[in-house]
Enquirer: 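Mind looking over this structure? Questions follow.
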Amino acid sequence: MNVCVIIPAAGSASRYLASGATRHKLDEDLAGREVLIRSIELFAKRDEVSSIVVAGPHGDDDHQAFRERYGHKLGFFGVTLCKGGKDYRYESVQAALAEVPEDSTHIAVHDAARPCATSRLIDRVFEAAARFDAVIPAVPVGDTIKRTEEAADAADEDPLDAILGSGGKSNESFSRVSGTLDRTGLVAVQTPQIFKRDLLIRAYSQPDLASTDDAGLVENLGEAVMVVKGERRNIKITTAEDLELARAFFGPVGGSRETHKRF
Ligand code: C5P
């Protein structure tokens, strides 16, 4: 197995910055290294991995700043850097596909914002890829899942307002429940997702690429996608609160190492 790993890292982190953070989530410190570098490290030393392609920011200025910040570190890991997509993750993966070496047998895609995956998870996903053409990790949905919609008029119904008048309005926004899903069989999907090279290239040759993960495009071809057990700790850092969680998972000096190997 000769795997090329694509790491889409071109997102603007708008939800992260809106959650109160002051810098891009991939630049945040995670036990002594940037989130982006932690995600690359998950693959850099694996025997099956022969190349890594990172899709960085799309805009010229942002891309230049990214190159200045990470260029030497990416060089150290032998990573190829390309420009990602402006708006959508799938644009970034599509751009990175052009850099995949001819001799790769498989392509894995891993979100730059998921630095907490363990080597056990990657073992599981890669081992299954020896048997199946498309493999993704996922965890069963534990919470009840409801659909909600914006409730512009919720403030009018705020009982606090009735008592205190409009001066009692809090800044909190509300949404209204519009339905409850049956969670039987629902799973929350993670990365790394791995595919036979030709299958992923075929998936990305379709006219409609709108999908929030790569497996979705393989599903659209009518091909089977197999699921292996994911990890609760393999969170995607989306908000400032997620970074706190990631730091807790990692511990002060690299949480994916077994305790007896830390010193
Ligand atoms: O936006 P979301 O959290 O789903 O992004 C998942 C991953 O895709 C992140 O690592 C992000 O940097 C990347 N992404 C990208 N290009 C975009 C949007 C997101 O590479 N245009």
Side-chain angles (χ1 to χ4, degrees), residues 4-21 23-30 33-44 52-67 69-70 73-74 77 79-100 107-117 121-122 125 136-139 187-195 200 203-204 208-218 230-231 233-246 249-250:
C4 175
V5 180
I6 290 175
I7 301 189
S12 60
S14 51
R15 281 174 294 177
Y16 184 73
L17 293 166
S19 73
R23 56 170 144 167
H24 196 288
K25 61 185 178 182
L26 300 184
D27 299 340
E28 293 283 13
D29 180 85
L30 191 51
R33 299 215 235 299
E34 294 95 338
V35 167
L36 172 68
I37 298 302
R38 287 288 178 202
S39 294
I40 292 171
E41 278 178 343
L42 296 173
F43 300 95
I52 301 177
V53 181
V54 168
H58 178 81
D60 288 342
D61 291 349
D62 288 346
H63 193 81
Q64 188 53 31
F66 187 92
R67 194 176 279 280
R69 180 175 186 115
Y70 291 112
K73 291 181 185 169
L74 300 188
F77 288 118
V79 166
T80 301
L81 175 61
C82 71
K83 266 192 185 177
K86 182 167 163 290
D87 298 312
Y88 300 107
R89 180 187 183 278
Y90 63 80
E91 297 173 318
S92 297
V93 176
Q94 191 176 36
L97 280 175
E99 306 293 332
V100 172
I107 301 171
V109 187
H110 185 65
D111 293 327
R114 288 190 195 267
C116 299
L121 173 73
I122 302 172
V125 174
I136 64 173
V139 291
V187 293
V189 169
Q190 307 178 338
T191 67
Q193 302 188 351
I194 187 166
F195 309 91
L200 191 65
Y204 269 87
D208 182 5
L209 296 181
S211 178
T212 48
D213 78 344
D214 310 287
L217 299 178
V218 171
E231 286 179 326
R233 62 171 281 154
N234 184 17
I235 56 169
K236 185 172 68 176
I237 297 176
T238 304
T239 64
E241 193 184 3
D242 296 329
L243 181 69
E244 281 177 40
L245 255 182
F249 284 136
F250 243 80

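Remember, it's 1-based here, ligands and their atoms both numbered in the order they're listed. Since the model is a prediction, treat every value here as computed from it, not as a measurement. Numbers here simply count residues along the sequence, with the first being 1.
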Enquirer: Does ligand 1 have an atom under 4.0 Å from some heavy atom of A9?
Expert: yes

Enquirer: Taking only heavy atoms of K25, which atoms of ligand 1 are found under 4.0 Å from at least one of them?
Expert: 3 (O)

Enquirer: So which heavy atom in the protein is nearest atom 19 (C) of ligand 1, and how far is it from that ligand atom?
Expert: G11 CA, 3.5 Å

Enquirer: Please state which part of K236 comes within less than 4.0 Å of ligand 1, counting heavy atoms only: side chain, backbone, both or neither.
Expert: side chain

Enquirer: Considering heavy atoms of the protein only, find what lies nearest to atom 9 (C) of ligand 1 and give residue, atom and distance to 0.1 Å.
Expert: P8 O, 3.8 Å

Enquirer: Please report which non-hydrogen protein atom sits nearest to atom 16 (N) of ligand 1, along with the residue it belongs to and the distance in Å to one decimal place.
Expert: S92 OG, 2.6 Å

Enquirer: Is ligand 1 under 4.0 Å from a heavy atom in the side chain of H24, in the backbone, in both, or in neither?
Expert: neither

Enquirer: How far apart are the closest heavy atoms of Y90 and Y204, and which atoms are they?
Expert: O-CE2, 3.5 Å

Enquirer: Mark yes when over 12 heavy atoms from residues, nucleotides or ligands other than E41 sit less than 6.0 Å from its CD; otherwise mark no.
Expert: yes

Enquirer: Would you say the side chain of Y16 lies within less than 4.5 Å of the side chain of D242, judging by non-hydrogen atoms?
Expert: no

Enquirer: T238: heavy atom below 4.0 Å from ligand 1, yes or no?
Expert: no

Enquirer: Is the contact between D87 and ligand 1 made by the side chain, the backbone, both, or neither, using heavy atoms and a 4.0 Å cut-off?
Expert: backbone

Enquirer: Just distances here: any N/O of A10 and N/O of ligand 1 closer than 3.5 Å?
Expert: yes

Enquirer: Is there side-chain contact between L81 and F66, with at least one heavy-atom pair below 4.5 Å?
Expert: yes

Enquirer: Would you say Y70 and E34 are linked by a side-chain donor-acceptor pair, where the criterion is simply a distance under 3.5 Å?
Expert: no

Enquirer: If you have a sec, work out which protein heavy atom is nearest atom 1 (O) of ligand 1 and how many Å separate them, to one decimal?
Expert: R15 NH2, 3.4 Å

